[in-house]
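Comments concern the structure below.
Below, read A as the first sequence line, B as the second, and so on, with proteins coming before strands; counting in each chain starts at 1.
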Amino acid sequence: MSIDRPEHVSKTANGEPVTFLEAISEALWEEMERDPSVFLMGEDIGVYGGAFKVTRGFLDGFGPERVIDTPISEAGFTGAAAGAAHMGLRPVVEMQFMDFISPAYDVITNYIATSRYRGSGPQPLVIRGPVGGGNRGGPFHSQNVEMAFFHTPGLKIVYPSTPYDAKGLLKAAIRDDDPVIFEEHKGLYRAPYLREILPTDDYVVTIGKARTARQGEGLTVVTYGLMVHRSLEAAERLAEEGVQMEVLDLRTLLPLDDEAIMTSVKKTGRLLVVHEDTRTGGIAGEIAIRVNEQAFEWLDAPILRVTSIDAPVPYAAALEDHFLPGVSDIVEAARYLAQY
Amino acid sequence: MSIDRPEHVSKTANGEPVTFLEAISEALWEEMERDPSVFLMGEDIGVYGGAFKVTRGFLDGFGPERVIDTPISEAGFTGAAAGAAHMGLRPVVEMQFMDFISPAYDVITNYIATSRYRGSGPQPLVIRGPVGGGNRGGPFHSQNVEMAFFHTPGLKIVYPSTPYDAKGLLKAAIRDDDPVIFEEHKGLYRAPYLREILPTDDYVVTIGKARTARQGEGLTVVTYGLMVHRSLEAAERLAEEGVQMEVLDLRTLLPLDDEAIMTSVKKTGRLLVVHEDTRTGGIAGEIAIRVNEQAFEWLDAPILRVTSIDAPVPYAAALEDHFLPGVSDIVEAARYLAQY
Amino acid sequence: MASDLGARAPDPDFDPPAFFTLITRARALRRALAELELSSPEYGDPSSDDLLRRNRREEGVELAVALALRARTDGSGDILIPARDSLAAPLAFGATPLEVFRQAMGRASAPTGGWEGGARWTDLDRGLLAPVSPEGTMIEVASGVGLSLRMQASERIVVVLAGDGSSSGGAWHEGLNFAAVQRVPLLLVVIRSGSPTGAGGRPRHSRLVSFLDKCAGYGIEGDAADGDDLPAIHRATAERANRARSGAGVQLLEIRAPEADAFQTFRSQLRSSGEFEEPELSRIEDDADAELREALETARAEPEAFLTAGAEAQ
Amino acid sequence: MASDLGARAPDPDFDPPAFFTLITRARALRRALAELELSSPEYGDPSSDDLLRRNRREEGVELAVALALRARTDGSGDILIPARDSLAAPLAFGATPLEVFRQAMGRASAPTGGWEGGARWTDLDRGLLAPVSPEGTMIEVASGVGLSLRMQASERIVVVLAGDGSSSGGAWHEGLNFAAVQRVPLLLVVIRSGSPTGAGGRPRHSRLVSFLDKCAGYGIEGDAADGDDLPAIHRATAERANRARSGAGVQLLEIRAPEADAFQTFRSQLRSSGEFEEPELSRIEDDADAELREALETARAEPEAFLTAGAEAQ
Ligand SMILES: Cc1ncc(C[n+]2csc(CCOP(=O)(O)OP(=O)(O)O)c2C)c(N)n1
Ligand SMILES: Cc1ncc(C[n+]2csc(CCOP(=O)(O)OP(=O)(O)O)c2C)c(N)n1
Ligand SMILES: [Mg+2]
Ligand SMILES: [Mg+2]
């Protein structure tokens with residue numbers, strides 16, 4: 001299939017740098033071109049092009065059978081994706097904001113995640129959408145949703161931090177036979193500092209593999225999403241103090257890349273987990289117990305974490321800034337660990 | 001208000017021992033007698049008396065305004081409970097099986113849990129129902145649901161292991177101004193070994209306080225629900241080997257009783273977390289990182305865990321037995337830790 | 001109630017002998033499972049097994065519906081999503097008692113290898129898609145199955161069997177609405193059990209009088225049939241299925257609560273109509289019993305399900 | 001469209017001056033918020049703010065509805081659950097522009113102390129219950145509010161304002177069905193925006209023609225009114241509210257998509273009908289502007305919200 005590509009999904013082909021958001025659009029476009037079984041569903045993704053314009057021009061390119069504007073019915077269209085996946089299609093559904101995935105919690109955890117176990121076969125589908133705070137979106141347009149699903153066997157969860165990874169991981173997710181929840185931080189979508197030139201060749205980034213975003217010997221920071229960049233900023237500051245922080249970008253949260261985590265922890269002996277999601281029941285806990293199980297003897301200090309506070313994401317700017325983990329919170333915790 | 005109590009909720013008054021299930025029935029009955037704002041909603045709880053007969057006789061005792069047979073509509077009646085709670089009532093809703101709480105995930109996490117933060121006031125309601133495996137119930141009648149909600153600020157989660165605690169904690173939950181998720185393990189409901197004579201006086205068990213189910217110096221097992229009894233069995237076996245296991249029954253999962261956990265860990269230096277819920281993303285992680293944060297220097301060994309495996313609860317007996325954590329799994333892990 | 005088969009408009013496709021064979025097998029299977037105390041895996045508490053269970057009278061309804069559909073074994077037929085505790089309809093789509101026993105007994109040889117019980121497994125070649133317990137979910141899933149069929153411009157349809165109570169749930173609504181908007185070839189068969197007034201000890205699920213009253217609100221088509229009138233159910237199913245096949249979008253078929261024991265009624269009708277002699281009927285029953293006995297023994301002798309290493313990760 | 005106020009059956013309770021004052025304030029408030037670039041807190045992406053936002057023409061509808069209800073300040077009135085981005089209806093129930101500014105600007109003095117924005121706060125004395133974003137949830141919550149009112153045998157009712165799109169969600173269905181089954185005094189006002197055919201760039205949410213077609217399926221009562229005919233909306237609301245008050249159970253009121261700018265239309269009607277002179281209208285507008293300016297300045301000067309120690313645990 002060959003469809004005239006609109007300019008905004010041709011940047012890589014033209015050798016131009018792309019934003020995080022454009023990388024996602026390109027991944028979707030290219031997978032739809034490559035594989036006619038891939039199709040999209042979501043609220044306002046067609047005529048309107050999506051709340052964040054990720055699918056602008058897609059309806060024209062692929063038509064209404066493959067770019068389906070749905071009712072406001074997250075459970076309905078996610079369940080429909082499950083049905084279509086049984087029939088050999090590869091649906092990619094967009095949650096307008098990932099906060100609105102919760103009406104689909106039942107069908108995702110009880111139907112989609114269990115399908116393979118129940119002998120009903122694979123569920124090659126992707127649920128993607130914007131997450132994260134810092135946009136003054138208040139409690140229902142700012143959530144991170146990983147911990148709602150992290151506990152559910154049968155799902156994969158991907159949360160990229162760069163355009164390169166976003167494109168490669170989304171392609172991998174679409175080609176994966178398991179259901180993948182794909183989180184896109186709104187703070188990354190159009191961040192100018194992330195623009196990068198991507199390979200013109202088709203590539204994927206393997207699901208389940210972390211990435212060392214910065215090498216260091218002093219301590220390990222395990223993080224993902226927007227917090228990768230906050231952590232890198234913190235690392236710069238700490239480097240001035242002579243502390244070399246290693247930053248591990250998980251990229252995939254489920255399954256966790258135990259090997260990458262343990263390798264780094266065994267090297268540095270100190271672990272700080274940084275996540276934007278709220279504290280209690282955040283992913284830091286699972287990482288901590290895995291390190292206990294697999295690398296306890298290498299620990300020179302307690303495993304610590306920097307996270308949002310335990311509350312809904314507040315609306316007011318001042319509250320939200322206080323709520324979110326900041327660079328200085330990371331610097332402080334890392335310094336403490338380095339000196340431990 | 002004084003209503004003739006049927007015999008099956010009069011055992012304590014008559015000085016007879018009660019089962020776990022009867023303790024729950026008594027708590028509900030007594031709270032409804034004490035406080036006219038308490039009322040019940042759920043599927044088949046009225047005419048039929050509930051799938052497990054927890055509310056047998058309640059419709060006769062309190063009438064259809066206070067014992068409401070609902071449609072199969074977990075989101076609907078849980079949302080209705082939220083509305084009634086705003087109006088000064090204290091609804092107690094029953095999930096026929098807690099597995100079916102998932103359609104209500106949205107209203108619980110986004111509405112009920114956030115109400116107080118959003119300035120909409122407290123939500124004095126209880127969501128209770130049967131949980132847990134071992135009954136050959138298959139993937140949809142066996143789940144533990146704590147980790148679906150543990151990550152949500154604004155909720156409390158209670159999971160008792162004895163008739164005494166079940167009665168006292170359910171009363172406390174009903175009187176609490178915050179929303180409480182109350183898990184009742186089916187394996188405890190009618191277990192003869194749990195029958196006990198309860199105080200005839202009105203009493204509550206404070207939410208948020210763990211209980212030392214067995215004293216020991218060798219290592220700490222932190223657990224809850226049915227696994228308390230499995231752990232006590234393991235403790236007996238280990239005692240024969242000279243290992244003294246302390247068993248801490250959390251009783252409340254959210255908020256966690258950090259103080260009790262740290263006190264025990266500081267005493268034994270060794271921690272094993274045992275939960276029936278599946279492994280990845282289970283509560284063991286949060287406990288592990290809290291111990292790292294608060295008691296790392298006291299640890300003489302890695303924090304380990306014994307859990308179900310990462311899968312839906314299987315239907316077949318042989319699979320389910322393999323899936324669930326057994327006494328020998330606990331013995332083995334505890335022995336390893338004691339010898340570490 | 002179809003008190004007189006012959007007096008109705010003839011339904012050339014309704015095949016009483018085939019029907020009798022199936023209902024005999026279905027009934028024998030349910031009884032065997034009940035004897036195994038395995039018929040109600042959903043309820044650990046034995047005191048609740050009289051609750052909520054699909055009324056056995058619905059066996060007749062299920063078969064009358066299923067026999068009006070295109071059951072194939074090569075993946076070219078209709079897709080049937082049975083109710084959570086259906087047995088009869090899956091049999092009509094080629095599920096075997098042996099498979100059901102293996103499921104119920106948690107055998108390694110069971111279609112789901114022990115992960116699920118009952119007639120809840122998926123075999124798309126036979127057009128069987130396994131339901132999950134949470135009510136309504138399967139209508140959402142069916143909307144996507146139907147969407148795919150529509151995209152393929154196939155003549156196949158997807159059929160969901162559901163109780164009336166499930167209509168109170170959000171999943172029922174979202175699935176039906178999405179399917180309606182997308183005009184997918186979906187036939188939803190609502191089998192009523194409760195009385196609409198909430199009388200008779202059954203809780204009230206809705207204030208509607210007939211499910212047909214729901215059609216306009218979704219912009220879909222519908223029909224209703226008496227739960228005891230098996231030929232009428234068969235005919236109405238065939239009509240609705242044809243509408244769905246021909247692009248008319250979602251079809252709803254309401255089956256009013258059956259009151260008679262379909263097996264007994266049907267059996268005496270077959271005899272009194274002179275279509276069958278007693279020995280013939282007895283032979284069919286004996287065959288079913290023999291099949292079941294053999295299947296049961298086979299399943300019993302087979303090894304239990306086991307977890308292969310790394311099964312957690314599948 | 002109410003092209004001629006005087007020609008209609010008189011609605012003694014519809015009070016044009018009160019209405020004009022409120023719509024003037026509501027409109028001024030919305031404009032001020034828009035200027036503050038705070039009117040659309042839900043969308044971080046500025047390019048999407050033309051999408052999905054409550055059409056400002058709906059201000060007239062909201063007020064015509066709200067003014068037909070019992071707004072009290074001592075907790076004895078009706079309970080209003082506005083739409084997620086309502087401004088006009090809350091004003092009619094006693095919310096003040098100052099409070100809205102405080103919310104929007106995240107002031108410590110805001111009714112929610114900075115935790116939420118917009119006119120989304122709860123004050124049951126004034127009968128205001130804050131909506132959350134997920135569509136449909138508030139109908140579930142309203143069913144429980146109504147249940148409580150019914151238990152108290154009060155004459156109060158609960159009223160939900162909602163868009164048409166939210167009707168596709170499970171929460172909408174479960175809430176409405178539960179309320180219908182329980183016969184609670186709930187009035188659901190559905191304000192249509194999209195075209196039912198999905199034309200005009202708006203996605204299709206349903207195949208229904210009118211929301212009244214949903215009533216029989218839930219066993220509830222309903223009525224419809226033209227979105228531009230404010231007195232008709234007012235009258236229909238009052239009628240439905242009375243039905244709910246008198247125990248007739250759930251009421252649905254469909255408001256067909258308004259097409260005119262209610263403020264402009266209403267203003268010229270007031271003038272051409274001779275009821276008001278231009279100076280009088282201008283004075284009302286100036287008063288509203290003055291109120292808003294003052295409120296804005298007050299809110300601006302106030303301190304930002306802050307987290308008190310231990311706020312996490314609340
Ligand atoms: C969402 C959900 N809640 C609760 C249950 C538990 N449950 C199993 S069967 C049943 C009754 C179903 O009634 P109906 O849909 O009318 O089916 P029938 O048994 O009458 O055929 C219930 C409540 C469930 N399966 N799903
Ligand atoms: C469950 C859910 N999904 C998605 C959204 C995002 N969203 C906000 S407004 C809106 C459109 C609402 O349409 P409608 O109910 O018709 O209201 P209108 O804006 O037309 O008045 C959507 C999809 C939401 N609020 N809730
Ligand atoms: Mg039924
Ligand atoms: Mg609308």
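- Interface check for chain A: of the options D/G169, D/S166, D/S168, D/G136, the most heavy-atom pairs under 4.5 Å are formed by D/S168.
- Between chain A and the options D/P134, D/A171, D/G106, heavy-atom pairs under 4.5 Å are most frequent for D/P134.
- Among residues at least two apart or in separate chains, salt bridge (Lys or Arg N to Asp or Glu O under 4.0 Å) pairs with a member in residues 94-109 of chain A are A/E94-A/R128.
- Geometrically, A/K53 engages A/Y48 in a cation-pi contact defined by less than 6.0 Å to the ring centre and at most 45° from the axis.
- Judged by distance alone, the side chain of A/K167 and the main-chain N or O of A/A23 form no donor-acceptor pair under 3.5 Å.
- When only modelled atom types and interatomic distance are considered, A/H275 and A/E146 share no side-chain donor-acceptor pair under 3.5 Å.
- In this structure, the portions of D/E116 lying under 4.5 Å from any heavy atom of chain A include both its backbone and its side chain.
- With hydrogens and angles left out, the side-chain atoms of A/S142 and A/N135 include no donor and acceptor closer than 3.5 Å.
- Both the backbone and the side chain of A/A318 come within contact range of chain D, each with at least one heavy atom under 4.5 Å from a heavy atom of that chain.
- If you tally non-hydrogen atom pairs under 4.5 Å between each of A/P312, A/G46, A/G49 and chain D, the highest count goes to A/P312.
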